Amino acid sequence: MPELPEVETTRRGVGPLLEGRQISAVKVRNPRLRQPVLASLPQRLDGLRLRAVERRAKYLLFRFDVGSLIVHLGMSGSLRIVKPGTAFKKHDHVEITFDSTLCLRLHDPRRFGLMVWTEEPLAEHRLLRHLGPEPWDEQFTGAYLRKGSHRRTAAVKNFIMDSSIVVGVGNIYASESLHRAGVHPNRAAGRISQRRYGAIVVAVREVLEEALEAGGTTLRDFVHSDGEPGYFRFKLKVYGRTGQRCSCEHGIIRQQVIGQRSSFYCPKCQH
DNA sequence: CCCGATTCCTGTAGGC
DNA sequence: TGCCTACAGGAATCGG
């Protein structure tokens, strides 16, 4: 389940290998993703030179001189780089070959991902224009969250997972961040002090940074590794640990559905 | 505007 | 062993 650290790890893995290279072939094996892959994508991309691989929220942005390819990995997507002629695996949906020597493959069993071509300025694209700040943006502060949560009655966990508020906080890291900040996930967003929102900001950044660091450990093997992605080395403190003792030593971790998603918290150290 | 519910999809796990 | 069901979740969309 790619969350922001996984997407950023992917960007750092594929970017240096592909930037500056020219597309020599594109094959769409299955266009049925969250949005259909443009039928004319092969013609559209042919001969283009990749200038940069960037990231905005959980979107990867492959930038060319004339436009950009927006890629989202959904919840089961991954990108891999293989040599031409490597056997396709089930659910390898799109292959983009660079310089006839490296193939970028989009693999996505559940097909919640997407691959969209645009020539619009990216900031104005409908997929990107409503997104809130990145977690490391200086705009993302306790004061900002306090202001944005004014009169909001929804659970704080849903609030921080709202991508128009802040991007990159998925279900797993939302539980982890709130645990670290000592805030109960079901507390109404509008009933949390600025000071406590400040703690949430710090916690979100720390959790994402640590997960990113863990992902980075397998970066050098990115191309050939078939093992577990590095971010699984990130130690989850509450997610998936129902019934286990919290690291605070006082509480037993509980699971509760909030906003149709499983949420995990310690009743002793989160309020 | 706000918020909850629903939808897309398939691999995996658990019950029988 | 095999069948069935529940569950996982990002984000768009819809309805109240």
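Each chain gets a letter, A, B and so on, in the order its sequence line appears, and its residues count up from 1. Quick caveat: nothing in here was measured; it's all calculated off a predicted structure.
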Distance from [X] atom [atom1] to [Y] atom [atom2], nearest 0.5 Å?
X        : Y        : atom1 : atom2 : answer
A:Ile160 : A:Phe140 : CD1   : CZ    : 7.5 Å
A:Arg21  : A:Leu50  : CZ    : CG    : 10.5 Å
A:Ile81  : A:Thr86  : CD1   : OG1   : 11.5 Å

- Item | Length of the line joining A:Asn171:CG and C:dA11:C1', which is rounded to integer Å |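 Nearest whole value for this atom pair: 13 Å.
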- Message: How many whole angstroms separate atom CG of A:Leu33 from atom P of B:dC9?
- Response: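 Answer to the nearest Å: 11 Å.
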- How do A:Arg34 and A:Gln260 order along DNA chain C: which one's closest nucleotide is nearer the 5' end?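 Nearest-nucleotide comparison on DNA chain C picks A:Gln260.
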Kindly say if [X] contacts the phosphate of [N], meaning a side-chain N or O under 4.0 Å from OP1 or OP2.
X        : N      : answer
A:His150 : B:dC2  : no
A:His72  : C:dG10 : no
A:Ser262 : C:dA8  : yes
A:Thr153 : B:dC3  : yes

- Query: Which part of the nucleic acid, if any, lies within reach of A:Tyr59 when heavy atoms closer than 4.0 Å are counted: base, sugar-phosphate only, or nothing?
  - Reply: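 A:Tyr59: backbone/sugar contact only, no base atoms under 4.0 Å.
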- Under 4.0 Å between any heavy atoms, over every strand shown, what does A:Ser163 touch: base, sugar-phosphate, or nothing? Just pick one.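 No contact at all - A:Ser163 keeps every heavy atom at 4.0 Å or more from the nucleic acid.
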- Item | Earlier contact from the 5' end, DNA chain B, for A:Ala154 and A:Arg110 |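 Mapping each residue to its closest nucleotide by heavy atoms, the 5'-most match is A:Ala154.
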- Query: Do A:Arg152 and A:Phe159 meet the cation-pi criteria used here (NZ or CZ under 6.0 Å from the six-membered ring centre, within 45° of the axis)?
  - Reply: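 Judged by the rule, A:Arg152 and A:Phe159 form no cation-pi pair.
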- Task: Please state whether the rings of A:His107 and A:His91 are parallel, tilted or perpendicular, taking 30° and 60° as the class boundaries.
- Result: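 Answer is perpendicular, since the angle exceeds 60°.
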- What class does the angle between the rings of A:His72 and A:Tyr59 fall in, given that below 30° is parallel, 30 to 60° is tilted and above 60° is perpendicular?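 Because their plane-to-plane angle is over 60°, the rings of A:His72 and A:Tyr59 count as perpendicular.
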- Item | Per-pair stack call A:Phe112 and C:dA11, 5.5 Å, 30° |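 A:Phe112 vs C:dA11: stacking no.
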- Item | Terminal axes of the helix from B:dC2-C:dG16 to B:dC16-C:dG2 (five pairs each): angle between them, nearest 10 degrees |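 Taking five pairs per end, the axes differ by 50°.
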- Message: I want to check something: taking the side chain as every heavy atom from C-beta on, are A:Arg56 and A:Ile70 in contact at a cut-off of under 4.5 Å?
- Response: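 A side-chain contact under 4.5 Å is absent here.
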- Below 3.5 Å, does any donor atom in the side chain of A:Arg261 face an acceptor in the base of C:dG10, or the other way round?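 Pair found.
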